[in-house]
Amino acid sequence: MRDPALETPDAGAVQIVRNVEDLRARLAAWRLGGARIALVPTMGALHAGHMSLVTAARENADKIVMSIFVNPTQFAPTEDFAAYPRSLEADAEKFASAGGDLVFAPATETMYPEGFATMLAPGGPAEAGLEDKFRPTHFAGVATIVAKLLVQCRPDAAVFGEKDYQQLMVVERLVRDLDFETRIVAAPIVREPDGLALSSRNVYLSADERARAPRLHAALARCAEEIRKGRAVVAALKSAKAFVGTAGFVTDYLEARHAETLAAIDSAADGPMRLLVAARLGRTRLIDNLPV
Ligand code: PAF
């Protein structure tokens with residue numbers, strides 16, 4: 001039976017809790033009933049990519065909690081924290097219709113109370129020279145908030161999308177290094193029919209940019225194919241960068257890395273290999289990746 005004291009106004013059929021005490025009470029009741037719990041950490045603005053994380057969570061647990069929190073510490077002062085799309089009620093409805101059970105939507109002061117002074121300093125994949133080169137404080141923010149969410153929820157499994165591939169590697173390292181018992185589940189990238197990876201930031205694209213954006217994935221797909229056929233990695237990457245440039249992108253990086261360590265590799269024989277790209281189209285920065 002649901003404890004009325006834990007209830008807050010809900011959207012659709014899903015309950016929204018705002019503080020850690022209510023979250024823990026709800027999860028403790030589920031655990032007592034023998035339920036396995038999966039966490040889907042998000043920053044909201046849900047799209048079909050997030051729904052695929054919910055599906056993966058369902059395959060790994062009986063109850064699904066989604067955290068919706070736009071985490072300020074993973075944004076640099078120059079980035080889009082203020083403008084980041086926020087749509088809690090609509091998100092909760094989407095989550096409910098995908099079969100989700102509970103939304104955890106804390107206020108900033110709940111996650112970072114007055115006097116907060118402890119940030120994690122992730123190394124290894126967080127220092128691979130990819131996203132971290134362009135967003136030097138980003139993974140400290142991600143690692144800190146993910147660690148907090150894992151401590152608050154103590155889920156059996158937590159689902160992260162392969163779209164943020166470096167983030168996935170950082171989280172896997174974090175969980176191993178700090179002995180979290182949560183199993184990390186990786187969910188494949190969901191794409192539009194034209195290949196563009198789904199992202200909450202795609203809403204920033206103008207109609208013209210949206211038409212050119214799929215070239216990012218096309219460049220990776222062609223590059224991966226060429227490498228598989230034996231073309232030198234350096235040459236294949238050079239062509240891919242040129243192709244992305246002709247679509248109007250300014251490339252931050254387009255690289256071939258070891259899929260697990262993210263170390264630079266220049267031969268598929270040193271793999272498994274993953275291609276990773278970040279590029280700016282107008283004011284929108286897009287990332288993507290593909291296995292070779
Ligand atoms: O991938 C995201 O949406 C965020 O980086 C995460 C994992 C929810 C942490 O804020």
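One-based numbering, in listed order, for ligands and for the atoms of each.
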J.: Please tabulate protein-ligand N/O pairs under 3.5 Å for ligand 1, atom names and distances to 0.1 Å.
T.:
residue: ligand 1; atom: 1 (O); partner: Gln167; partner atom: NE2; Å: 2.8
residue: ligand 1; atom: 5 (O); partner: Gln74; partner atom: NE2; Å: 2.9
residue: ligand 1; atom: 5 (O); partner: Gln167; partner atom: OE1; Å: 2.7
residue: ligand 1; atom: 10 (O); partner: Gln74; partner atom: OE1; Å: 2.6

J.: Which other residues belong to the hydrophobic cluster containing Leu281, where Ile, Leu, Val, Met, Phe, Trp and Tyr are joined when side-chain heavy atoms lie under 4.5 Å apart, directly or via other members?
T.: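 Leu281 shares its hydrophobic cluster with Leu196, Leu205, Leu216, Leu220, Ile227, Val233, Leu237, Val244, Phe249, Leu254, Ile265, Met273, Leu275, Val277, Leu286, Leu290, Val292.
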J.: Does Asp62 offer a backbone N or O that forms a donor-acceptor pair with the side chain of Arg58 under 3.5 Å?
T.: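 Looks like yes, one N/O pair under 3.5 Å.
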J.: Which residues satisfy the side-chain contact (heavy atoms from CB on, under 4.5 Å) test with Asp177, sequence neighbours excluded?
T.: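 side-chain contact (heavy atoms from CB on, under 4.5 Å) list for Asp177, sorted by chain: Arg173.
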J.: Could you list the residues that satisfy ring pair (Phe, Tyr, Trp, His ring centres under 6.0 Å) with Phe75, not counting sequence neighbours?
T.: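 Here the qualifying residues are Phe81, Tyr84.
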J.: Please indicate whether Arg222 has more than 12 foreign heavy atoms, meaning atoms of other residues, nucleotides or ligands, lying under 6.0 Å from its CZ.
T.: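 Counting other residues, nucleotides and ligands, CZ of Arg222 stays at 12 neighbours or fewer.
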J.: With no hydrogens and no angle check, just 3.5 Å: does a side-chain donor-acceptor pair link Asp132 and Gln166?
T.: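 Indeed, the side chains of Asp132 and Gln166 share at least one donor-acceptor pair under 3.5 Å.
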